[in-house]
Amino acid sequence: MVAIIGLSLRVPGAQTIDEFWNNLIEGAEKTSHFSKEELIIAGVSPEDLSNHNYVPVKGIVKHIDMFDAEFFGLTPKEAELMDPQQRLLLECAYEALEQAGYLGHSKCENVGVFVGVGNTEYFNRHILPNKQLQESLGNLQVRLGNNKDYAALNISYRLGLTGKSLTIQSACSTGLVCIHEGVQALLRSECDLVVAGAMSLTFPQIAGYKHIQGGIYSSDGHCRAFDNTSDGIVRGEGGGVVILKRLTEAQEHKDTIYAVIKGTAVSNDGNDKVGFTAPSVSGQVGVVKKALANANLSADDVTYLEAHGTGTLLGDVIELEGINETYGKRKENNPCAIGSVKTNIGHLDSGAGIAGFIKTVLSLRKKVIPASLNFSKLNENVSLNEKKLYINYAITPWNTKALPRRAGVSSFGLGGTNAHMVLEEYVEANDEKNVCSWEAILLSARSADSLDRHTDIIKNYIKKNPQINVSDVAKTLKQAREFYPYRRLVLCKDYTSFAENQDSFATFRWKKKHGRVAYYFAESFTVDISIIKLFYDGYKHCKTIIDAGCDYLINKYEINILQCIRNNTTVDVSDFQNLSPDAYLQVINCLTSLMLLSLLSAWGVKPDLVFGDGVGEIIAACAANVFGLDAALDLILFKYGLNKSVSTINIKKPECKLLLLENQALYTSDLLLSKDYWISQIQDKADFAKEKFILSNNVDLGIVPQLSQVNIQAKKIELTGVRFLNFYQNVSNKNFSYRMAEIQGLMWLYGLELNWVAVDHAKFKRIPLPNSPFERKRHWISAAP
């Protein structure tokens, strides 16, 4: 089975999934009725306007002239030349992938793209008549942005998707056929993730149509699917994109699963019909039966049908006959509702199937069937047993005698390509508790204004969804979204704390990709066992270092240090054993500093420069991998007279810059490879810089990975444009989660690229957060007069 894990659309009256659903629930008909003045400005001829059969109605997508060219790597001229259908499809593909959580550093390797578009009317009306423009840019450049062949390829290129990429065309059934092909590619393991969808725009946008008696267009600008007074469709435009994934993998990765595709089928009528444009009962019956068989289900298992439902005289009759032949073969006590989204938004041509599909997915998720509009009495040329089949003309709670809820979706293309699929609701196991702990909410955008908008969007999302786990919000933003130069950190555990803290940290703009890092280690004299225990119990990397160090001290020196941590007991003076208080403190300093080094390394933080004073210089050498934990402990115990020899120390060249604070020298010579040097260093009394040491230009961020309060300024270290983070600063048992979230967030804010999977060290639920706002500008070539 295949899971649906991402959705995006542009349809009449809706730019987002939420707007679309609200319109459906309200029973809103979102086609536009144009005034005579609007039509004249749009260029509709006086002859058409004076024709009493001219119907000034159409379902339109607004703002199609606006596009964020820079975001997708296009020049303004390239954006102007690009078919708006393909621009909208590109936006929807990005939004759906972003909501699914598979962009940026979480991008899936093998993503297939299966999409289709309508006729290139923008090219025909706006570009083709402009010969001078075509000559100045070249025929190839114009074709690349407008030819249908490049619709899928443009998405794959602009979003860096490397899987199978195909543009598919089957007229009105294009959207559903694209989904079918995507499903098959997943089931054949040709792709690991699929982008599937379709988009259609018609020009001029502001225009009506001529109604012809017996034709396909409605006489009054309303689509009345299956009604006795129906006489045609209403023109519409738009479409959308869905993200598909194999169900088992979606469950494993804790994706948000909107619904499940149980079975799909595609067929063609052949010549078993009265004409090329006519529908076929046998063709529609065949494809439905095949989809049910592929789903291993019967008609009784389906309780809602999203029909093709055009409202045309011939189309409605044939489709209802086919429905009687398929879904009508069911028990009378298990009726199936029938509806059509075309009554809300018109017929979207290539995008029609995707609109009906998304409506059905949302209905399954919300457990509500929206009303099919403009229905009062069934078409008199067909009869339905209402105990088996009925038109759902009012919003209805989707109650079933036996779960799960299942639905069929049909889309039939002019010319005979039929598509049908069977969907099933996905019931999530609700066994996770909403743990109220402090989280680092990482917000980023490409401009300060967008960052402010994005902040408000996320804040309002948390407010409107109080049941949401803020931890999932934080982890989705960290692991499943892209990061941009303008950055804001918000520490929160709920909506109230978000609102209170959203301005606690300054907004930063980073121009470079990586922040340069320095580690500083002091000769510490502070020990707080309770804080050490928090790290020991909370992070496996910390426990590993403490255990390794303690085992080494027991085995070689018979010193059982930190047994209070390992045995979960309290500490007293007897824990010093044969160590002096100072020796005890410096051994703990070494162990806990290397514990935090291990944690930072797991998080993906690598120092560019390390330095320290006194015992801190030994720890700095460990950070540079000059020698390991055992050697550092040997040197410290040598300093305090518990170790008479350090002959076994294995010394290597440093892996990063190692600075000796006393003389402010960066050593790259063989001096550091001398065991005698380190013996003399540990024997000397700690001495800070004789003159002020200026730490600038070399690094952007200084980190003190120690559990001690260190006053950097007191060490005569001048910070010029360098920020310092001290793990121990303001930390306590009560605010440990807050402080850790703050440290992680500040490192990101200051430009570090952390391994957030390792930082969070637990799986999370990818949730469909609101999309990052685009920064659209007008990119448009006016139509020829």
Side-chain angles (χ1 to χ4, degrees), residues 1-7 17-18 20-21 24-25 96 99-102 179 182-183 186-187 193-194 242-264 291-292 294-306 327 330-331 333-337 339 356-370 392 395-409 420-435 461 464-469 471-473 475-476 480 762-769:
M1 290 189 289
V2 170
I4 303 142
I5 64 170
L7 306 169
I17 293 295
D18 286 344
F20 179 53
W21 180 250
L24 293 174
I25 290 302
Q99 286 210 352
Y102 289 99
I179 295 173
V183 168
L186 286 168
L187 297 179
L193 199 71
V194 159
V242 299
I243 307 300
L244 309 176
K245 193 176 184 180
R246 287 182 287 272
L247 177 60
T248 53
E249 292 167 15
Q251 291 171 325
E252 178 187 350
H253 298 149
K254 301 191 77 173
D255 298 320
T256 289
I257 300 173
Y258 290 89
V260 175
I261 301 175
K262 296 281 288 183
T264 71
L292 285 168
N294 290 339
N296 197 27
L297 295 171
S298 71
D300 271 303
D301 296 311
V302 174
T303 51
Y304 175 67
L305 172 62
E306 175 64 23
Y327 287 105
R330 61 194 301 113
K331 299 173 184 175
N333 62 352
N334 184 33
C336 178
F357 181 88
I358 292 176
K359 170 193 170 183
T360 307
V361 168
L362 295 174
S363 298
L364 284 165
R365 186 168 174 81
K366 306 287 189 179
K367 301 176 177 55
V368 172
I369 304 175
N392 192 73
I395 183 170
T396 307
W398 195 340
N399 298 319
T400 59
K401 295 180 180 179
L403 295 175
R405 296 167 180 83
R406 296 190 181 97
V409 184
H420 188 79
M421 51 192 59
V422 180
L423 309 182
E424 180 178 285
E425 71 172 331
Y426 182 75
V427 181
E428 294 186 60
N430 192 20
D431 55 357
E432 296 183 5
K433 295 181 180 179
N434 188 350
V435 180
Y461 175 84
K464 292 177 181 178
N465 298 275
Q467 80 288 350
I468 206 75
N469 193 330
S471 177
D472 288 333
V473 175
K475 291 177 174 62
T476 296
K763 285 188 176 182
F764 70 102
K765 180 172 179 57
R766 295 171 192 261
I767 56 177
L769 296 174

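Note that the structure is predicted; figures quoted are calculated from it, not measured.
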Exercise. Of all residues at least two apart in sequence or in a different chain, which pass the side-chain contact (heavy atoms from CB on, under 4.5 Å) check with Ala250?
Worked result: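 Testing Ala250 for side-chain contact (heavy atoms from CB on, under 4.5 Å), a comparison that skips the adjacent residues, returns Ala3, Ile5, Lys245, Asp255, Ile257.
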Quick one: pull up [atom1] in [X] and [atom2] in [Y] and give me the separation to the nearest 0.5 Å.
X	Y	atom1	atom2	result
Ile767	Ile468	CD1	CD1	4.0 Å
Met1	Leu187	CE	CG	10.5 Å
Leu24	Lys366	CG	NZ	11.0 Å
Thr303	Arg405	OG1	CZ	8.0 Å
Ile4	Tyr426	CD1	OH	12.5 Å

So, for [X] and [Y], which heavy atoms are closest and what is the spacing to 0.1 Å?
X	Y	value
Lys359	Trp21	O-CZ3, 4.3 Å
Val183	Leu244	CG2-CD1, 4.0 Å
Thr476	Arg766	OG1-CA, 3.7 Å
Arg406	Asp301	CB-O, 3.2 Å
Val473	Leu769	O-CD1, 3.9 Å
Thr256	Pro768	OG1-CD, 3.3 Å

Side chain proximity check, [X] to [Y], heavy atoms < 4.5 angstrom:
X	Y	answer
Tyr102	His253	yes
Thr248	Glu252	no
Asn294	Thr264	no
Phe764	Asn469	no
Phe20	Leu362	yes
Ile179	Ile261	yes
Val427	Leu403	no

Distance-only, no hydrogens or angles: does the [X] side chain make a donor-acceptor pair with backbone N or O of [Y] under 3.5 Å?
X	Y	result
Glu424	Lys262	no
Arg330	Val302	yes
Asn392	Gly339	no
Arg246	Leu186	yes
His420	Val409	yes

For this session: Run the numbers on Tyr304 and Glu306 for side-chain hydrogen bond (donor to acceptor under 3.5 Å, both in side chains), then give the verdict.
Result: CA-CA 7 Å; Tyr304 175 67; Glu306 175 64 23; 2.5 Å; yes
For this session: Test Val242 against Tyr258 for side chain to side chain contact (heavy atoms under 4.5 Å, CB included), laying out the working first.
Result: CA-CA 10 Å; Val242 299; Tyr258 290 89; over 6 Å; no
Exercise. Is it the case that more than 12 heavy atoms not belonging to Asn296 sit under 6.0 Å from its CG atom?
Worked result: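 No.
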Problem set entry | CA sep, side-chain torsions, deciding dist, call: Ser363, Trp398, side-chain hydrogen bond (donor to acceptor under 3.5 Å, both in side chains) | CA-CA 8 Å; Ser363 298; Trp398 195 340; over 6 Å; no
